[in-house]
Amino acid sequence: MDNVVRKLLYDDLRKRLISAKELGRPIVFVRTNELEAIRYVLDYQNVVGNYYTEAPPNQPVKRWSSVLFKLPAFTEEKDGLICDISQPTLFVLFANETEMKQLHDTATIELNRKLFLFMQLYKNVSTRRKVGEESRQRITRESILNSMILIVTPEIPQIPDNIALYSEYIQLDPPDEDALRRFLSALLHELDPRIEMKEGIDGKGSYVADRDYLDVLVKQFKGLSSVKIDQIMRKIQYTYRQVYWPDFKRDEKFEKEVLRLIQGEKEQLIATSSILHLEKSSSKQASGLGNLERYLREKEVFVNDMDRYKRDWAVNAPKGILIAGIPGSGKSLMARYTAHLLNIPLIKMDMGDVQNKFVGESERRMVEALELVNAMSPCVLWVDEIEKSFAGSSGNSSSDVTQRLFGKFLTWMQEKEKKEVCCFVFATANDVSKLPPELFRSGRFDAKFYTYMPTAEECGEIFESLIQSLCADYARFHERDLYKKRLFDMRAVHGELFISLLNSDLCLSSPIGVEETRVSRENKFFTGADIENVIKRAQELYILRKQGSGKEYVYETMRFTECLKAAIREIKTYGETDLEKIASCYAKMAYNNFSPAAEGIKISEKECVSLMPFEGYDEYRKENGEYILYRLKEESKHVENLRNAYDKCLFCAVRNVLNRDRDAIVNSKKLYT
């Protein structure tokens with residue numbers, strides 16, 4: 001960077017350092033990993049005091065005072081302290097804060113001791129006073145008063161209590177949007193002086209005349225450090241011999257190569273993080289979640305052109321969604337699909353890697369991870385099983401750490417739109433009872449969806465989608481085989497086939513009447529993961545029975561159907577083993593006002609109903625002297641609308657568990673209210 005560009009970025013740091021010294025805070029902790037900022041402070045500006053001569057513009061000053069990259073030596077005697085500070089000095093230290101947090105580290109203890117001794121001398125508390133040394137004492141005192149200690153660290157410092165009152169903490173943040181525009185304009189003009197510039201309306205400098213091109217770069221670089229931006233722009237110039245594309249809107253190279261280069265450089269930041277992981281998006285979506293997909297498509301409009309809607313309509317970027325529900329219902333699949341739909345990177349946060357044994361280290365890692373997410377904006381942040389990340393029992397140290405981490409995460413969620421960060425948070429949970437109640441307050445998420453046991457028709461959609469996916473993978477693998485067979489006969493192996501199996505006595509032990517109160521574990525109720533497992537097992541059985549390929553298809557329909565039935569008999573489904581969890585999950589969703597991710601059961605061309613409408617849930621309903629947790633007003637009519645016997649059986653089974661276990665479910669509500 002030339003001197004003009006550096007001044008735009010770092011002159012404010014110089015002013016803050018001078019201000020700290022004038023306010024009597026001679027020990028300054030600067031959090032930054034931009035060494036250019038420190039070089040600018042040392043080479044071009046007056047920081048320590050009036051001990052510099054005037055210098056021509058953009059030229060290094062000639063200093064009388066010195067710069068040392070170590071602390072002075074102190075001698076403690078009975079009548080006070082003496083040190084070797086004989087002239088105004090700027091002491092610059094580069095600290096590894098991770099090592100400083102290890103309290104038993106002798107170097108850290110020695111550093112803190114010297115900082116405290118320096119403050120004693122600075123405040124004239126314990127300076128050595130002997131007869132005949134007044135003149136030397138005066139010179140030493142003047143030198144100390146005009147000296148300063150600058151501690152540079154890339155991490156959040158833990159400032160010792162005994163010097164905190166006299167210390168200043170400065171964090172060098174990435175440039176805001178206005179500063180970023182000025183910086184990018186100056187940088188582009190430096191790299192290519194032919195670029196047309198124009199004077200800004202604010203009178204604070206010149207800007208690239210092509211505002212649209214500058215807007216694209218600002219959107220790409222928002223949140224990145226100035227050093228990283230400079231490196232990327234120079235890489236673009238080295239690779240393509242230019243940094244400006246006048247016709248960038250119609251230039252395919254710019255869109256397909258230049259923007260991808262920028263994105264690739266940003267993704268390298270994630271690759272070095274132990275907490276954040278860059279995940280692959282997927283065009284494959286979870287079947288049967290129509291409401292959720294429709295909601296995401298609406299958000300796509302605002303995410304893809306966030307700056308315009310913010311500028312022209314004062315609409316902030318979407319915050320994100322919380323999706324809770326039973327395991328195996330497609331939550332993780334929808335996270336990958338969301339990133340594909342919005343066409344932005346998918347970043348997964350692994351909270352298990354955040355916590356650290358050193359005091360304050362976990363919070364530091366969380367802050368740094370969230371700052372990295374800001375730099376990747378726009379993006380999707382996937383926090384999987386968020387209840388495991390922020391759940392903790394009270395009364396122990398690990399819970400205290402979890403509470404602090406949760407607080408920082410909530411603060412970031414609340415303030416990211418103020419920083420114009422476009423990060424769509426996609427949080428998933430299996431058990432919302434373990435989530436802190438603060439997470440459910442308005443303003444945390446734009447919406448809360450729940451995924452539940454799929455209906456018979458949704459099971460059919462999932463089955464057919466999985467079969468189609470297998471066929472597509474098989475076709476790609478054999479695309480050069482002129483004599484290849486098809487994997488399945490999709491005219492026969494489709495959703496309706498699986499629905500017919502669900503409605504048969506293969507899955508339903510016996511029809512359950514509306515008034516029946518017993519709970520049967522002989523019925524098989526499927527999640528999406530169960531259906532995938534059944535298909536896989538049926539394939540294995542087909543092969544193990546030594547049945548060769550059919551004439552036209554690899555899996556002959558009749559034989560595969562028999563294997564499919566055998567797999568259903570063999571596999572224990574989630575609905576067989578976890579009826580209580582299914583009912584409890586429904587109760588938590590109903591209480592916390594979640595919206596269904598699925599469209600529901602279609603009873604007419606314009607009307608759909610949920611399998612378990614929330615209208616039937618009431619914790620205070622009392623009938624015949626007993627409390628009833630679930631009862632629809634027109635329950636018989638609702639059951640009649642459920643055309644599939646599988647859906648009727650599932651409805652009645654869940655309803656019966658809710659009523660049977662009413663007290664246990666209501667009492668458990670105290671854990672999440």
Side-chain angles (χ1 to χ4, degrees), residues 6-53 55 60-61 63-72 74 81 83 85-97 100 108 111-127 140-176 179 225-226 360 364 367 371:
R6 291 170 64 197
K7 185 175 181 179
L8 280 173
L9 294 170
Y10 305 130
D11 201 52
D12 183 62
L13 173 62
R14 175 190 65 85
K15 294 177 182 178
R16 293 182 66 180
L17 289 173
I18 294 175
S19 174
K21 192 180 73 65
E22 295 296 328
L23 295 174
R25 300 169 188 167
I27 301 177
V28 180
F29 293 82
V30 177
R31 184 191 171 204
T32 181
N33 54 10
E34 297 186 36
L35 299 182
E36 286 85 347
I38 308 305
R39 177 186 169 189
Y40 175 80
V41 168
L42 298 181
D43 287 352
Y44 291 91
Q45 301 299 336
N46 172 6
V47 174
V48 175
N50 298 320
Y51 290 87
Y52 291 90
T53 59
V61 295
R63 49 177 173 265
W64 295 356
S65 57
S66 61
V67 176
L68 292 180
F69 295 93
K70 65 177 182 178
L71 286 180
F74 295 92
L81 296 171
C83 71
I85 303 178
S86 58
Q87 62 179 342
T89 306
L90 177 62
F91 301 96
V92 183
L93 301 179
F94 295 91
N96 185 340
E97 190 61 28
M100 291 176 64
T108 301
L111 172 62
N112 293 341
R113 186 184 74 86
K114 285 190 174 184
L115 292 176
F116 183 60
L117 293 178
F118 175 80
M119 283 311 309
Q120 292 182 49
L121 290 173
Y122 187 87
K123 293 301 180 182
N124 201 21
V125 174
S126 57
T127 53
T140 303
R141 172 71 180 153
E142 187 175 0
S143 299
I144 293 172
L145 282 175
N146 286 282
S147 294
M148 191 175 201
I149 296 178
L150 180 63
I151 301 176
V152 184
T153 172
E155 304 167 353
I156 301 173
Q158 296 292 311
I159 302 176
D161 293 338
N162 56 1
I163 65 166
L165 184 62
Y166 306 107
S167 301
E168 182 83 2
Y169 171 61
I170 300 175
Q171 178 170 311
L172 194 63
D173 293 318
D176 58 28
S225 69
S226 56
R364 179 193 67 80
V367 171
E371 288 176 352

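Bear in mind the structure is a predicted one, so any value in this text is a computation, not a measurement.
- In terms of heavy atoms, Pro175 sits closest to Ser226 at CD-N, 4.4 Å.
- Checked against side chain to side chain contact (heavy atoms under 4.5 Å, CB included), Leu71 has the following partners two or more places apart in sequence or in another chain: Phe91, Leu93, Leu111, Lys114, Leu115, Ile149.
- Taking CZ from Arg16 and CD1 from Ile170, the interatomic distance works out to 4.5 Å, rounded to the nearest 0.5 Å.
- Rounded to the nearest 0.5 angstrom, Thr89 OG1 and Leu68 CG are separated by 5.5 Å.
- When all heavy atoms are compared, the tightest approach of Val28 to Ala20 is CG2-CB, 3.9 Å.
- When side chains are defined from C-beta on, Tyr40 does not count as touching Leu9, because their heavy atoms never get closer than 4.5 Å.
- One finds the CG atom of Leu117 at 5.5 Å from the CD atom of Gln120 (value rounded to the nearest 0.5 Å).
- Residues Pro88 and Asn146 come closest through the heavy atom pair CB-O, 3.6 Å.
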> Going through the distances and angles, do Asp12 and Lys15 end up as a salt bridge (Lys or Arg N to Asp or Glu O under 4.0 Å)?
Replying inline: CA-CA 5 Å; Asp12 183 62; Lys15 294 177 182 178; over 6 Å; no
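- Around atom OH of Tyr166, no more than 12 heavy atoms belonging to other residues, nucleotides or ligands sit under 6.0 Å away.
- The shortest non-hydrogen separation linking Met148 to Pro26 is CG-O, 3.1 Å.
- Closest heavy-atom contact between Lys21 and Tyr122: O-OH, 3.9 Å.
- A distance of 13.5 Å separates CD1 in Ile163 from CZ in Arg113, rounded to the nearest 0.5 Å.
- Considering all non-hydrogen atoms of both residues, Pro160 and Asn112 come closest at CG-OD1, 3.3 Å.
- Note that CZ of Phe94 and CG of Leu150 are 7.5 Å apart. Values are rounded to the nearest 0.5 Å.
- To the nearest 0.5 Å, the span separating CG on Asp173 from CD on Glu371 amounts to 7.0 Å.
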